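Since the structure is predicted, the reported quantities are computational estimates derived from the model, not experimental observations.
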Amino acid sequence: MNKFLMMAFGAVLLASAPQIMAQERENPFLKPYDTKYGIPPFDKIQTADFLPAIEAGIAEQDANLLKITSNSASPTFDNTILPLENLSPILERVAGVFYHYEEALSTPDFAEISDKAIPMLNDASNKVNLNDALFRKIQSVYENRDKMKLSPVQKRVVEKYYRSFAEQGAALPADKKAELIKVNDELSKLFIQYNRNLLAATNAFFVTVYDKSDLAGLPQSSIAQAADEAKRRGLDGLWVFTLHAPSRLPVLQYADNRGLREAVYKGYTSLAFQGANSNLGVIKQIVKLRAEKAKIMGFDNFAQMMTSRVMAKTPEAASDLLLSVFEPAVKRSHEEVKDMQDYVDRNGGNFKIAPWDYYYYAGKVKNEKFNLDENELRPYFSLDNVLKGLFDTAEKLWGIKMVPMKDAPKYIDDMAVYDVVDSKTGEHVAVWMCDYFPRATKRQGAWMEQLQSCGIFEDGKTRRPIVYNVGNFTPPTSETPSLLTIDEVETTFHEFGHALQAILSRAPYKSIAGTNVDRDYVEMCSQINEHWAFEPEVLKSYAKHYKTGEPIPDELIEKLSKASKFNQGFATTELAGAALLDLKYGATPEVEDVVAFEKKVGDEIGMPEEITYRYRSPYFKHIFGSDGYASGYYTYLWAQVLEADAWELFKEKGIFDKKTAASFKKNIMESGDSEDPMVLFKRFRGHEPDAKALLRLRGL
């Protein structure tokens, strides 16, 4: 998936090493990698290689673009569309690695070259996206597609290229194109600034605990992690908590000290709000420029433009879905708060539940109702065991086996690389990598991407994908292995669900392979994969105590199952609230005061005072770190309608039913964007998605 090409076919990531003058050695990006399966030779890549390779890639792109546009023959699939699939192999290789660095290993020396590279890549993209001669040829193929001897999949590819070029502004008059180029360039610089501010603000904040008694209630693994963090900062004997999720969330969930919870909560919810790393001004500029971009493209607002390109079609359709879930979720959240307030009152508390109390007292009520303390589960969720469960499930369902590649190139020591093979034939299917622990050069969150898509390459041969997952999970300590929380287990399965859609793809062209599907369809595979993580049959196979090897007791599994729909009011409210906020930004031409805007939207939709948006604007990277999920954060819930309905079939037939799994694999996992997603879903499920399945899934 290549950000530098005209369609949003993807992005990719990597790592950096000491600078060496590029001319003293062979630049590894300039020719196909000689490694097994074409894995980037991370050990040979230097920071100084990027800019020369990008320049060479742009020159190659320009030459190949000229070949297409200067061809005097009538435009066809073979002489116009197919060459676009591999417009610049050099640029594809270097950009794949570059975008991975930008997200996962943004060292100071890399950030310096990034400032030069981004404008170059944007300009290269504009040369393609807004090329009049190229668009005329694509339009000719599109208009004559029914007269050509094209397969249904080739027609789909033609239609996607035409639509994507039109959406990128290729049909605009020259003056409008010039305006669009200027806006896109300014936006790309703002995205870089937003992400850097967020990373710097995250790394700058920490809370130091001096008195061990203030750690009461925290699991020992979290205390050990805080002690290790303090030691790294030269504060031996103390404890340091940061805003990275593995440090922050245990404090909010378990710390008895209300002041500690408040300090960490307020640190997180004011992240990048002020000082040198403030994103408030950046957001105001992004909102304004997006509104300008929408006008240039002929839309009333940005939300209208973005939703027109996916299954939802209109902001109103997206908003209607969100409100249909948000309103019952808010009602449930009021019941949850009442239960927590009752607990506080019964146990001598003399305060009103505040947002920093929500996780903590939700845990207390959950323990009281179901006799379940989530901390009891963590010893059974070592990362190695969770990966075993993940891999075993994938083998049973999809017929793939994960074989460690111990000698594969790596960009950092604590990542892992696997050869994904057919479990029956041993045939190579894909490469999968994982990079799971926090570091100062990695942005927060978890994600999936590709270093190489599957499809037909420049030599006419089909290659299999190189896919990776990145996370920020609880790291091992000097005393314990990495012991994951329930949320981290769920995230592991979620992101691997994205990876599976790329790994299993059989679409013949890169532009329609894997996750290159509508944004509000792409989350289906990831979200359905979460379910297997906590099915009793699966839990028994992998959830084993890291010390004793004993499997998780049946009574714990039963408690976990009974509590599965607990606190869904909170979870759904914070998610749907953030999605509604996102759509409001997309419908707004200008925002003068970001904080006031957030409050106004919260008041309008009825956001409970005890719940904050899942992400507040200055750290809402999904929508302000790029255009990726902008006016599209709702897609998590939209896709969950599809996923919930699909999961009900698995539950009805059996979670490992071979016929159901084979149908899902063929119609959903393997197909990519080779057909309309609604057609593919109906072929699997037998009917259009049932919206009520989402409410049933969340117990609402």
Side-chain angles (χ1 to χ4, degrees), residues 1-2 5-10 64-87 128-173 177 297-299 305-314 453-458 460-462 505-522 666-685 688:
M1 301 198 293
N2 307 312
L5 289 180
M6 73 301 300
M7 296 193 196
F9 291 159
N64 288 334
L65 188 59
L66 184 61
K67 286 180 184 178
I68 298 172
T69 56
S70 62
N71 189 339
S72 59
S74 297
T76 65
F77 185 88
D78 287 342
N79 69 20
T80 301
I81 304 300
L82 198 54
L84 288 173
E85 291 280 301
N86 296 285
L87 195 55
V128 179
N129 296 345
L130 303 177
N131 187 298
D132 287 327
L134 178 61
F135 182 60
R136 285 196 297 271
K137 285 184 174 287
I138 293 171
Q139 187 173 24
S140 176
V141 180
Y142 174 77
E143 290 173 348
N144 292 287
R145 65 193 184 283
D146 291 332
K147 302 173 187 175
M148 299 177 177
K149 294 181 179 179
L150 300 178
S151 69
V153 171
Q154 288 174 327
K155 280 188 181 180
R156 178 82 175 169
V157 171
V158 170
E159 290 162 358
K160 186 168 186 176
Y161 268 96
Y162 176 77
R163 188 182 77 239
S164 179
F165 266 77
E167 289 172 352
Q168 296 293 331
L172 293 173
K177 282 183 181 177
M297 295 297 296
F299 292 91
M305 182 180 81
M306 296 301 282
T307 52
S308 72
R309 302 173 177 180
V310 290
M311 291 177 75
K313 301 306 179 191
T314 67
S453 176
C454 73
I456 299 171
F457 280 70
E458 67 275 7
K461 296 179 181 178
T462 296
S505 181
R506 291 292 168 183
Y509 301 104
K510 289 188 278 187
S511 55
I512 58 169
T515 55
N516 291 323
V517 298
D518 285 354
R519 177 63 74 186
D520 48 6
Y521 181 67
V522 75
K666 179 181 179 180
N667 292 304
I668 309 298
M669 295 288 202
E670 292 182 344
S671 293
D673 198 31
S674 58
E675 291 187 73
D676 183 273
M678 188 61 76
V679 171
L680 292 169
F681 181 86
K682 287 168 66 176
R683 192 176 296 151
F684 164 71
R685 191 63 178 96
E688 290 193 357

Problem - Ion pair Glu167/Arg163, N-O distance below 4.0 Å - result: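 Looking at Glu167 and Arg163, the cut-off is met.
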Exercise for the section: Please tell me if the side chains of Tyr521 and Ile668 come closer than 4.5 Å, counting only heavy atoms from C-beta onward. Expected result: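 Yes - at least one pair of side-chain heavy atoms lies under 4.5 Å apart.
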At their closest point, which heavy atom of [X] faces which heavy atom of [Y], and how far apart are they?
X      : Y      : result
Val517 : Gly514 : CG1-O, 3.8 Å
Pro83  : Phe77  : CD-O, 4.2 Å
Glu675 : Arg156 : O-NH2, 3.3 Å
Thr69  : Lys137 : O-CE, 3.4 Å
Ala507 : Cys454 : O-SG, 3.9 Å
Tyr509 : Gln154 : OH-NE2, 3.1 Å

Exercise for the section: Would you indicate whether Lys67, at its atom NZ, is surrounded by more than 12 heavy atoms from other residues, nucleotides or ligands within a distance under 6.0 Å? Expected result: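 Result for NZ/Lys67: open.
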From [X] [atom1] over to [Y] [atom2], what is the distance, rounded to the nearest 0.5 angstrom?
X     : Y      : atom1 : atom2 : answer
Leu82 : Ser511 : CG    : OG    : 9.5 Å
Thr80 : Arg136 : OG1   : CZ    : 12.5 Å
Ile81 : Glu159 : CD1   : CD    : 11.0 Å

Is there a donor-acceptor contact under 3.5 Å from the side chain of [X] to the main chain of [Y]?
X      : Y      : value
Glu85  : Lys510 : yes
Ser671 : Lys666 : yes
Asn86  : Ile456 : yes
Ser70  : Leu66  : yes
Lys177 : Leu130 : yes
Asn79  : Ser74  : yes
Ser164 : Tyr161 : no

Exercise for the section: Would you please test Val128 and Phe165 for side-chain contact (heavy atoms from CB on, under 4.5 Å) and show each step? Expected result: CA-CA 9 Å; Val128 179; Phe165 266 77; 3.9 Å; yes
Problem - side-chain contact (heavy atoms from CB on, under 4.5 Å) evaluation trace for Asn516 with Lys160 - result: CA-CA 11 Å; Asn516 291 323; Lys160 186 168 186 176; 3.9 Å; yes
